[in-house]
Amino acid sequence: MNLILLGAPGAGKGTQAKRVEDAYGIVQLSTGDMLRAEAASGSAIGREAKTLMDAGQLVPDAMIISMIGSRIDKPDCRNGFILDGFPRTVPQAEALDAMLKDKGLKIDHVIEIKVDDDAMVERICGRYSCAKCGAGYHDTFQKPKKEGVCDVCGGTEFKRRSDDNEATVRSRLKAYHEKTGPIVAYYAGQGRSKAVDGMQSIDDVTRQLKGILG
Ligand code: AP5
Ligand code: MG
Ligand code: ZN
């Protein structure tokens with residue numbers, strides 16, 4: 001099963017993708033995570049991407065399309081994949097359709113996690129993750145069971161994303177509405193997209209997703 005999770009910054013794409021990954025044995029492909037890994041490596045592409053990401057702008061389509069194209073070919077995608085943060089522009093959606101056709105693959109579900117912009121600043125500014133295993137947390141909505149200790153690996157170091165501040169979040173939301181909004185119409189026009197209410201609790205959103213995925 002291959003799916004696309006659409007949703008604004010902070011909608012819960014990453015949070016839900018991890019749960020779907022565990023429940024269905026398919027792999028999360030987050031273009032944001034790939035770009036952050038590239039930035040951490042210090043490569044020229046990574047440095048270019050980091051400047052754009054920290055300004056809340058999208059990176060060029062060509063960079064993302066080639067990155068995702070080679071990632072889908074890896075053996076761990078054979079059972080299926082969850083696209084988290086891709087496609088994000090209509091040219092990316094068109095390139096994805098062409099790429100999948102070439103590879104003899106298809107997308108089974110396109111699901112939009114619908115949220116209100118106003119709540120997203122709080123979600124994003126309160127987000128942090130385990131420095132060792134990457135498990136995601138939130139200051140208010142998703143605390144570790146024992147304060148300061150990762151539930152998954154027992155790690156005690158945590159980190160925050162450099163683009164998770166109020167000013168950048170506003171730019172990211174603007175980019176989402178301008179560039180990614182039209183994708184919802186692109187898939188809806190083809191009768192391919194469904195929506196879940198992302199303003200519900202994390203568990204409830206997972207239940208809605210499982211209702212669609214079966
Ligand atoms: P990316 O990493 O994809 O960031 P984003 O789209 O801004 O989305 P986030 O990761 O911030 O939010 P999320 O929906 O994953 O929310 P999460 O589950 O963490 O992209 C970053 C940048 O990379 C872009 O700005 C761009 O520059 C570049 N980029 C990436 N892909 C690109 C592409 N295809 N083309 C061009 N550029 C690209 O949840 C957020 C927080 O809320 C967490 O703390 C969580 O615990 C909490 N939470 C989640 N769900 C709920 C809930 N239901 N109730 C309460 N709290 C919740
Ligand atoms: Mg994410
Ligand atoms: Zn951890």
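Whatever order the structure lists ligands and atoms in, that order sets their numbers, starting from 1.
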Environment of the Zn ion (ligand 3) in terms of protein N/O/S atoms, cut-off under 2.8 Å | C130 SG, C133 SG, C150 SG, C153 SG

Over 12 foreign heavy atoms within 6.0 Å of NZ, K103 = yes

Can you list the steps and then say if V184 with L6 is a side chain to side chain contact (heavy atoms under 4.5 Å, CB included)?
-> CA-CA 8 Å; V184 177; L6 293 173; 4.1 Å; yes

Test item: M53 and L58 side chains (from C-beta on) under 4.5 Å apart, heavy atoms | no

What short N/O contacts, under 3.5 Å, does ligand 1 make with the protein, listed by atom pair and distance?
residue	atom	partner	partner atom	Å
ligand 1	2 (O)	R36	NH1	3.0
ligand 1	2 (O)	R36	NH2	2.9
ligand 1	2 (O)	R161	NH1	3.4
ligand 1	2 (O)	R161	NH2	3.4
ligand 1	3 (O)	R88	NH1	3.2
ligand 1	4 (O)	R161	NH2	3.2
ligand 1	6 (O)	K13	NZ	3.1
ligand 1	6 (O)	R88	NH2	2.5
ligand 1	7 (O)	R172	NE	3.2
ligand 1	7 (O)	R172	NH2	2.8
ligand 1	8 (O)	K13	NZ	3.1
ligand 1	10 (O)	R127	NH1	3.2
ligand 1	10 (O)	R161	NH1	2.9
ligand 1	11 (O)	R127	NH1	3.1
ligand 1	11 (O)	R127	NH2	2.7
ligand 1	11 (O)	R172	NH2	2.7
ligand 1	12 (O)	G10	N	2.8
ligand 1	12 (O)	R127	NH1	3.4
ligand 1	14 (O)	A11	N	3.3
ligand 1	14 (O)	G12	N	3.0
ligand 1	14 (O)	K13	N	2.8
ligand 1	14 (O)	K13	NZ	2.9
ligand 1	15 (O)	G14	N	2.9
ligand 1	16 (O)	G12	N	3.3
ligand 1	18 (O)	G14	N	3.4
ligand 1	18 (O)	T15	N	2.8
ligand 1	18 (O)	T15	OG1	2.4
ligand 1	19 (O)	R127	NH1	2.6
ligand 1	20 (O)	R88	NH2	3.4
ligand 1	27 (O)	Q57	O	2.6
ligand 1	31 (N)	T31	OG1	2.8
ligand 1	31 (N)	G85	O	3.4
ligand 1	31 (N)	R88	NH1	3.1
ligand 1	34 (N)	G85	O	2.9
ligand 1	34 (N)	Q92	OE1	3.0
ligand 1	35 (N)	Q92	NE2	2.9
ligand 1	37 (N)	V59	N	3.1
ligand 1	44 (O)	Y137	O	3.1
ligand 1	46 (O)	Q142	OE1	2.6
ligand 1	53 (N)	Q200	O	2.8

Could you go through the side chain to side chain donor-acceptor pair (under 3.5 Å) check for D61 and T89 one step at a time?
-> CA-CA 8 Å; D61 287 338; T89 62; 3.0 Å; yes

The complete set of side-chain hydrogen bond (donor to acceptor under 3.5 Å, both in side chains) pairs with one or both residues in residues 138-158, sequence neighbours excluded, reads D139-R160

Does any non-hydrogen side-chain atom of K50 lie less than 4.5 Å from one of L35?
-> no

Residues 84-95 vs salt bridge (charged side-chain N to carboxylate O under 4.0 Å, His left out), sequence neighbours excluded, gives none

In Å and rounded to the nearest 0.5 Å, what is the OH to CD distance from Y187 to E112?
-> 12.5 Å

Is there a side-chain contact between M34 and I68, using heavy atoms and a 4.5 Å cut-off?
-> yes

